[in-house]
Protein chains: 2
Amino acid sequence: MNKNASAVPPEKDEVIYAHLHAAICDSKLLPGTRLPEDTLSASFGVSRTVVRKVLQRLACEGLVAMRPNRGAQVAEPSVNEARDIFATRRILECGALAEMQNPIPAAKLESLRALVEAEDAAQMSGNRVDAIRLSGEFHIELAALTGNLVLTEMVAKLVARSSLIIATYGSPIAVVCRHSEHEQIIDLLARSDAAGAAAWMQEHLLTIERGLRWEHPASDLQEVLRGVMANARGGKAD
Amino acid sequence: MNKNASAVPPEKDEVIYAHLHAAICDSKLLPGTRLPEDTLSASFGVSRTVVRKVLQRLACEGLVAMRPNRGAQVAEPSVNEARDIFATRRILECGALAEMQNPIPAAKLESLRALVEAEDAAQMSGNRVDAIRLSGEFHIELAALTGNLVLTEMVAKLVARSSLIIATYGSPIAVVCRHSEHEQIIDLLARSDAAGAAAWMQEHLLTIERGLRWEHPASDLQEVLRGVMANARGGKAD
DNA sequence: ACACCATAAATTGTATACAAAACTTAGGCG
DNA sequence: CGCCTAAGTTTTGTATACAATTTATGGTGT
């Protein structure tokens, strides 16, 4: 459906975009990682022109921060930004669920259940990266049930940025959604209890948010240390 | 606050972006208008590199459609996309209003009233472009009351795309919000009746949507004619 | 006269070169 | 000993050249 036809060239920039997007969302590129154009263009075997195009797209989605004359780096969501993102997700995703009055096709519910099962399996086998990715896909597919492409794309972008938040503020344990909560939402939808599903989603997203550690963000530590080193000049910098 | 400091260069691409954005939202560039890179770069006195950067940003926001090897043109929102955009606005903007529990500072309410007044004045004097723009600004400022920057930016992008929808499907009369409805929302907020404001906003957005003419979109006409000409080859094409 | 094909013009895709800015490192001064 | 300054290096910003693709044009055959 979203794949190219047979004879169409593979769209180099799309491939690079997908690679970088995945690398960021899967925490292979941690927040704050610098993304020099030369390095990327050499790695992917293209010119800086193509790399810049991809970086600008990622910047537009909030996954990459670009400062003039200072290059690109993986975005480091601030605490305020993180809270805003989750607040917006609550409004959007709950609103989407609340609007689903028509009975959901059984096939769609089934594929959602399969997604939750895969997520559960990944979590059980300790595959944290897959678990987070599948959890995100669940939220996106849920939004897609509305048939509203604009809304679905917005949720997808917020989910991607949430991966950055988890990478920055997530505690090693219990960051991912408990699969049972996802299952509960499907059950409520199967019962056509849209309001119930929305209410449950509200709690679910709040639960995720509460599981984050706003106090000890990993990357702020570096900034703090740098500030300490700059201030306490009498101390040993080495 | 958001302006550059004194000695900082004016950021050429930002200026070009602002110009194009305004031209599209003010319907100076109608949906479907082709945007050749050469023409733009000549007009603005920069190279295609800068123009492409701006076009990609506009494409990311949905104001411009870029097809591979086929260039950019002002986006022509389909009926489905238009409905999705308004549905998403209902969820986002009503959700934003519903979450405002704290009493709104009087100063902010005052500046909102000023905005409505300016919009009213523009409409009364037949200045349709200003009226639409000020109406959009009202919706954006309303979202900004949440303090949620992520949400505000999303609303701003949806409002911009709504300008395209109005340009495509808007009837010559009665496309803009009745200013009294905007005033009513402010009154409800002043009374701290968040739920009431949200309900009113829901109706308000539905009213706008109902005022559009989905039957006779101006630019679909060309497509229809093209299809007719291609099919009825025996008929008179001239 | 219409459809079809070849050629020409226009437009986009990509790479590269050079200029400008920021970062790094080494040296001198207080 | 630390800070400030300055050349050198790295990295980004922009323009331009060339290749690839699409679109427009004109000619030819039926």
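Chain naming here is simple, since letters A, B, ... match the order of the sequence lines and numbering starts at 1 in each.
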Between [N] atom [atom2] and [X] atom [atom1], what is the distance in whole Å?
{"X": "Glu37(A)", "N": "dT16(C)", "atom1": "CD", "atom2": "P", "answer": "15 Å"}
{"X": "Arg48(A)", "N": "dT14(D)", "atom1": "CZ", "atom2": "C1'", "answer": "9 Å"}
{"X": "Leu55(B)", "N": "dT12(C)", "atom1": "CG", "atom2": "P", "answer": "9 Å"}
{"X": "Leu40(B)", "N": "dT12(C)", "atom1": "CG", "atom2": "C1'", "answer": "13 Å"}
{"X": "Asn69(B)", "N": "dA20(D)", "atom1": "CG", "atom2": "P", "answer": "12 Å"}
{"X": "Lys12(A)", "N": "dT21(D)", "atom1": "NZ", "atom2": "P", "answer": "11 Å"}
{"X": "Arg70(A)", "N": "dA21(C)", "atom1": "CZ", "atom2": "P", "answer": "13 Å"}
{"X": "Asp13(B)", "N": "dA15(D)", "atom1": "CG", "atom2": "P", "answer": "10 Å"}

Exactly one of Arg90(A), His139(A), Glu93(A) should register a side chain to side chain donor-acceptor pair (under 3.5 Å) with His204(A). Which one does? His139(A)
Comparing Arg67(A) with Gly71(B), nearest DNA chain C nucleotide closer to 5' gives the residue Gly71(B)
Evaluation steps, salt bridge (Lys or Arg N to Asp or Glu O under 4.0 Å), between Glu61(B) and Lys157(B): CA-CA 6 Å; Glu61(B) 296 177 17; Lys157(B) 287 182 184 174; 5.1 Å; no
Between Arg34(B) and Arg34(A), whichever has its closest DNA chain D nucleotide further toward 5' is Arg34(A)
Could you walk me through whether Glu209(A) and Tyr169(A) satisfy the side chain to side chain contact (heavy atoms under 4.5 Å, CB included) test, starting with their C-alpha distance in whole Å, then the side-chain angles of each, then the deciding distance to 0.1 Å, before giving a yes or no? CA-CA 10 Å; Glu209(A) 203 175 340; Tyr169(A) 302 104; over 6 Å; no
Could you check whether any side-chain N or O of Ser135(A) sits under 3.5 Å from a backbone N or O of Ala131(A), counting only pairs where one atom can act as donor and the other as acceptor? no
Quick check for you: among dA17(D), dT12(D), dA15(D), whose closest atom lies nearest to any side-chain atom of Thr49(B)? dA15(D)
